[in-house]
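For clarity, every value in this text was computed on a predicted model and none was experimentally measured. Every chain is numbered from 1, with letters handed out A, B, ... down the list of sequences.
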Amino acid sequence: MKPSGFTYYRPETVEEALGVLAEVGPDGKVIAGGQSLVPMMNMRLAAPGCLVDINRVSGLDFARVDGVRGAAGDGHAVVRVGATARHADVERNAAIRAAVPLLGQALTHVAHPTIRNRGTSVGSLVHADPAGELTAVLALLGGSVELRSVRGTRTVGADDFFVDLLESCVEPDELATAAMFPASDGHTGSAWVEVARRNGDYAVCGVGALVTVDDDMRITDARTAYVSVGPRPVVLDASGVVGDVTLDNADWGATGRWAAGQLEPGEDIHATAEYRRHLAGVLTQRALRAAAGRAAGHRTGGSSGGNGTTGETAAARDHAGRGEG
Amino acid sequence: MTTRSLGEPIARREDPRLLTGQGRYVDDIGHDALEVAFVRSPHAHARIVDIDVMGALDVDGLVAIYTYEDLQGRMAEPLPVLIPHPALTHGRTPCALADGEVNHVGEPVVMVVATDRYVAEDACDRIVVQYEALPPVVGIEAARAGELLVHDDVPGNVSAHMVQEAGDAASAIADAPNVLELDLEIERSASTPLEGKGVHARWDPDDQSLRVYTSTQASTSVRAAVAAKLELPVDRVEVIAPDVGGGFGVKIVHPWPEEILVPMAAIRLGREVKWTEDRREHFVSSAHERGQLQHVRVGFDDDGRLRGLDVTVWHDNGAYTPYGIIVPIITTTQLLGPYKPGAYRAEFFSLYTNTLIVTPYRGAGRPQGCFAMERTMDAIAAHLGLDRVTVRERNLIRPDEMPYDQGLVFQDGRPLIYDSGDYPATMEKLKKLVGWEEFEEYRATARAEGRRVGIGVACYVEGTGVGPYEGGFVKVETDGTVVVATGLTTQGQGHQTVFAQVVADELGVPVERVVVTTGDTRRFGYAVGTFASRAAVMSGNAVALAARKVREKALRVAGEALEADPRDLEIDDGEVRVKGIPGLSVPLSTVAVLSNPLRYAFDDEAKRATQFASPADPDKTPVADGEEPGLEGTGYYSPPRSTFANGMHAAIVETDPDTAEISILRYCVVHDCGTLINPRIVEGQIHGGVAQGVGGALYERMVYDDAGQLVNASFMDFLMPYSTEVPTIEADHLQTPSPLNPLGIKGAGEAGVIPGAAVLASAIEDAEGIRIRRMPISPSELHHLREATAE
Amino acid sequence: MLVEVRDEAGNMVNDASGGERLHEVSMVVNGVHRSAAVPARRLLSDFLRHDLGLTGTHVGCEHGVCGACTVLLGGRPIRACLQFAVMHDGAEITTVEGCARQDGELGTVQQAFRDCHGLQCGFCTPGFVTTITAYLEENPSPTEEEAREAIAGNLCRCTGYQNIVASVLRAAELRATEPRTMEPRTSEPGTTVLRAAGEAEVSP
Ligand SMILES: Cc1cc2nc3c(=O)[nH]c(=O)nc-3n(C[C@H](O)[C@H](O)[C@H](O)COP(=O)(O)OP(=O)(O)OC[C@H]3O[C@@H](n4cnc5c(N)ncnc54)[C@H](O)[C@@H]3O)c2cc1C
Ligand code: FES
Ligand code: FES
């Protein structure tokens, strides 16, 4: 398990990187954290002729909140994550955790901390593994990715970004420079729950949920997103199913069953399609209930969007509040 | 007084080295060696039509390419069947490189030697092997059906068929008031040590000698095998097992193709050559175990007492049988556990499939046997509406029935006679430890909270310390250091500590002064190997016997010097003393000096031993009649038969009513492995074994698709448990010394793993009220069992 | 089929670089400047083990799961098998060898492993020692559950983890009582660079 040879490039500016990418063409690959690419290279499932190391490109290691989150919770804040920001940088950033709690909630489920120390959030989006938590987070939040090449810059929304299994819309000459995760408005609660075979494994099924309420605790919006149920992340708008009800009257169980019916998961050695669908239903219910609880917390001025998980699964453990980034 | 070290949980001698990165594993040796990679079969079953190496020739750094055609003499013959057995009528082994046909994915076809492993893999990528695919036989059902054959000349894919009987099981069952039948299945798993295999070979053309470092559990036998295959005199071959990063059985098999191919290349090329197995290779070209279908027919009375037991086992031995049929023999004999079966009949079929070979993995067939017996016990309890522990207690062999002859022949060809043990007492301890009686209360509380919990229990007896023998060498150096060597190898069991403890006590020296070497044929040439929980029993006793010889000699020599009767002497803290006369003593280091009369004084110690150092009796020879120079001794221990350890595990699990996730809330172990040399090390063995048991029950399985591809050949998908998947283990023990050996030791290496699948199946069944007949079990499978039961 | 590549004199051909372009890679490893010329594809794990001879870092899977290769990059644990050495030219790396005390005695985490029988075959151990060393910097007094969580990304096939969990707690205890000067070298910029026995100092 040793990689094939390649020509190594280490640009120091974005422009330089774009130049190299344009030059080497389809034979080139960007390497960021290497946490997905290098295993594939070691197994010789990938053998790029040129490797463009972006780790020293200046100005890409940011992870910050842009825009001010209005007092009324009007949600103009956006979390911007640069191409060389590590999962750990995002996860440990208190401002980000406050602005978009879902990011932190999901990131604690991405592998183990050592992988998160090196793996980049942008890289995991480009890699487009439908089991990768951040794909669903981006999709659920309606986020986007900024792509640059010598040809120009474009910003692609999650819908168009994920094309197929392990395939994003990034062209060979493009560099994903940043990912944008918009904050939801202040009456929104979020949650991430998943079941993985072992703690830290890719999820057998994972669900993110956002629930928004108005001042009267009526649910105005309820959405979920899924990993490991298809070739791309799947987002469901459950608002219609939940109906125009207050939090107390929501039938999350029924919503879960409805969601399960919407999904077409596949089978692998860890789970049958049927079990996955069942699991998606159960986890939908749990994620929505947890998110709703947090939305209620927002309204009553309680602790805001707690960064944890719902703790219902063995794999779900709360890393909140440890280590600021 | 030297504090007694035997039985003390002292810290390990080997740790400082291993903890600071100073360990020496095979791949740490020979940075300049040429490196080897293999082209391995991508097919489960195929004929090799052509091998084209032309594309590889212009790879810079390529040194050599070998295929089967390049093997000469005995190298070209099939590898040995290591453990022949009369029932193994159709044993088959591969050649070191495939000879025309491949029978599993991963079988080595071409060996490439290059300047480093990267380059070697480059060359492998460019070698084109043309195959004609043959239909593969995958899975026990397909093998048993016998429509397709793995080996053309093996009808029905049956390598071995064996029946053992004690009494007339058929009529005992027929006459029994109750009869049950169970179909049981255990899937494949594997030892999976964290360090794969590895071989480093260095040929010395001047000395015409070969040194081989290999990550093995049996260096002396590798030496013999390498010498035989390469047609070298055995005394020109040295084999050393350096630090070994875990074995668990897979490294007992030998010679692996690589163990003879790498030395062959080293000799031919006149260069150091090394092969370090990577993880993917380990998955597809080492060995697996556990895969068995088992049918149980049991007859019992209304109290749950066994009248007769009839078990049929279909064992998947993979593509070849280099290690014989040890695994199904152990399953069918050790299945009986601590129970009296009434009459017993066991039959097994060992079947070829186009999958990786099957050889012992820690537990070696016992987990499957334990699963069969313990599932049966639970089934009887359920059938009669009795408590599961009560049924077991009614069938236990009582201490006053020891030694107990099960009337079978064990894996060592010796009678299956349990030497000792107190099974009822073990069960009593376990019940207390886990709170068996209080569990229903706990269940009710949990149920009120909407939680589903269950408790399970499983018992085992483990034959340990199988022969034929091990040896030990003990020598006191003139500086007082005690050098110990034994031939068997170490893969983390702390032999450098436990054997030092044994020798320190026998000899009366501080344990810090004892230095132990294992698995190095330069130090000790006669050995069998480390497997079957035998190291402590075999080499522990062997080094004790050697130390006793040294002690005797020390007393003789010191007696002369002190002008005292050896019977009045004692050794303590490294000094030979005259009992009761303080101050009258001589250090062992001096005794070592005195025991070796010298002519040349190369250091101060030596000066004291030269001919003119002390007035000698002119009528006596410098070395007394019947003595040999040096304060050293060699001892061998050869047991009449195996000794039997035992234990019982209980587990409490919780199953998620919705997601079907299974978590272990408590895991309790009570075990008895006789005299404990180092309780902390024994406990560590138990912990590690339990973790593997949990892995085998809930996480690990080797998944082959219909084409015979191992689809989860990575740590990503072969789910070895992390710390978060292994419960905290609560352990208690009894010490029933074995009457069979001087130290009273029974083996402990494998115990922890044996009841894993059985106890967790029992607990899950209890939580769910669903029959569990197949392990491992995943949440997905549990979910489907629930659905099937609900229908 | 036999191919043995020899030059005209009949000697085995030995082109150590395999004809690939070499990159000069320098690092401060355990406080010592080290460097070697290697192909771009040399994994950091192989670089440490074979080019620098620091064989304490082990390789158990080469796909990022087992953690045996874990080293500290600027104090943070990373998988050395998932990095190319060339990417870390100029970096500061701590390996298990660097987790010992300056006088060569066991560092606190190492001592804790010895005290608690936290290792058997020792193959996984270097990855645990580095991971735990970094973890305790962040969380000096973990609970038992946190300790278990802290080691959850590393595989051990021998110990069943129980004694490793105990080792984490023990190391925290030792750390709390021992003076800070006993800590392993972290070689922050500006601190004296110490040289371990047998290591050559190569200017960067
Ligand atoms: C043991 C293990 C467990 C893991 N478990 C999980 C898990 O549970 N959940 C999860 O989500 N992930 C998991 N991962 C993957 C991890 O999250 C990776 O960090 C992530 O998938 C890729 O990020 P990276 O920076 O390492 O990308 P790299 O490996 O460097 O690159 C991945 C791919 O993206 C491309 N790429 C990366 N960055 C850019 C860019 N800026 N512009 C253009 N192309 C780019 C590369 O060319 C490559 O094709 C795991 C990884 C490992 C090793
Ligand atoms: S060798 Fe790097 S994680 Fe296993
Ligand atoms: S001690 Fe052997 S793998 Fe951990």
Please flag which part of [X] lies under 4.5 Å from any non-hydrogen atom of chain A: side chain, backbone, both or neither.
X	answer
B:E281	neither
B:D717	both
B:E725	side chain

Would you mind reporting whether [Y] and [X] have side-chain heavy atoms less than 4.5 Å apart?
X	Y	result
A:V204	A:Y275	yes
A:E274	A:E267	no
B:I652	B:I664	no

Review point. Listed by chain and number, what are the side-chain hydrogen bond (donor to acceptor under 3.5 Å, both in side chains) partners of B:E107, not counting sequence neighbours?
Key: B:Y320

Check your understanding: Among all residues two or more places apart in sequence or in another chain, which pass the side-chain hydrogen bond (donor to acceptor under 3.5 Å, both in side chains) test with A:T120?
Key ->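 For A:T120 there are no side-chain hydrogen bond (donor to acceptor under 3.5 Å, both in side chains) partners, ignoring immediate neighbours.
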
Check your understanding: Applying a criterion of heavy atom separation less than 4.5 Å, what residues of residues 2-10 of chain A form contacts with chain B?
Key ->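 Hits under 4.5 Å: A:K2, A:P3, A:S4.
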
Check your understanding: Would you say the side-chain atoms of B:K274 pair up with the backbone N or O of B:D27, donor to acceptor, closer than 3.5 Å?
Key -> yes

Study note, to complete from the structure: Per-residue tally against chain A (heavy atom, under 4.5 Å) across B:E787, B:M720, B:H784, B:R117 peaks at B:H784

Exercise for review: Select one option (side chain, backbone, both, neither) describing which atoms of A:H112 are under 4.5 Å from chain B's heavy atoms.
Suggested key: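 Side chain of A:H112 only, per the 4.5 Å heavy-atom cut-off to chain B.
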
Point to revise | Test: B:R40 and B:E277 ion pair at under 4.0 Å | key: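 No, no charged N to carboxylate O under 4.0 Å.
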
**Study point:** Of all pairs that satisfy side chain to side chain donor-acceptor pair (under 3.5 Å), the ones with a partner from residues 222-233 of chain A, not counting sequence neighbours
**Key:**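 Passing the test, one end in residues 222-233 of chain A: A:D221-A:R223, A:T224-A:Y226, A:Y226-A:T284.
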
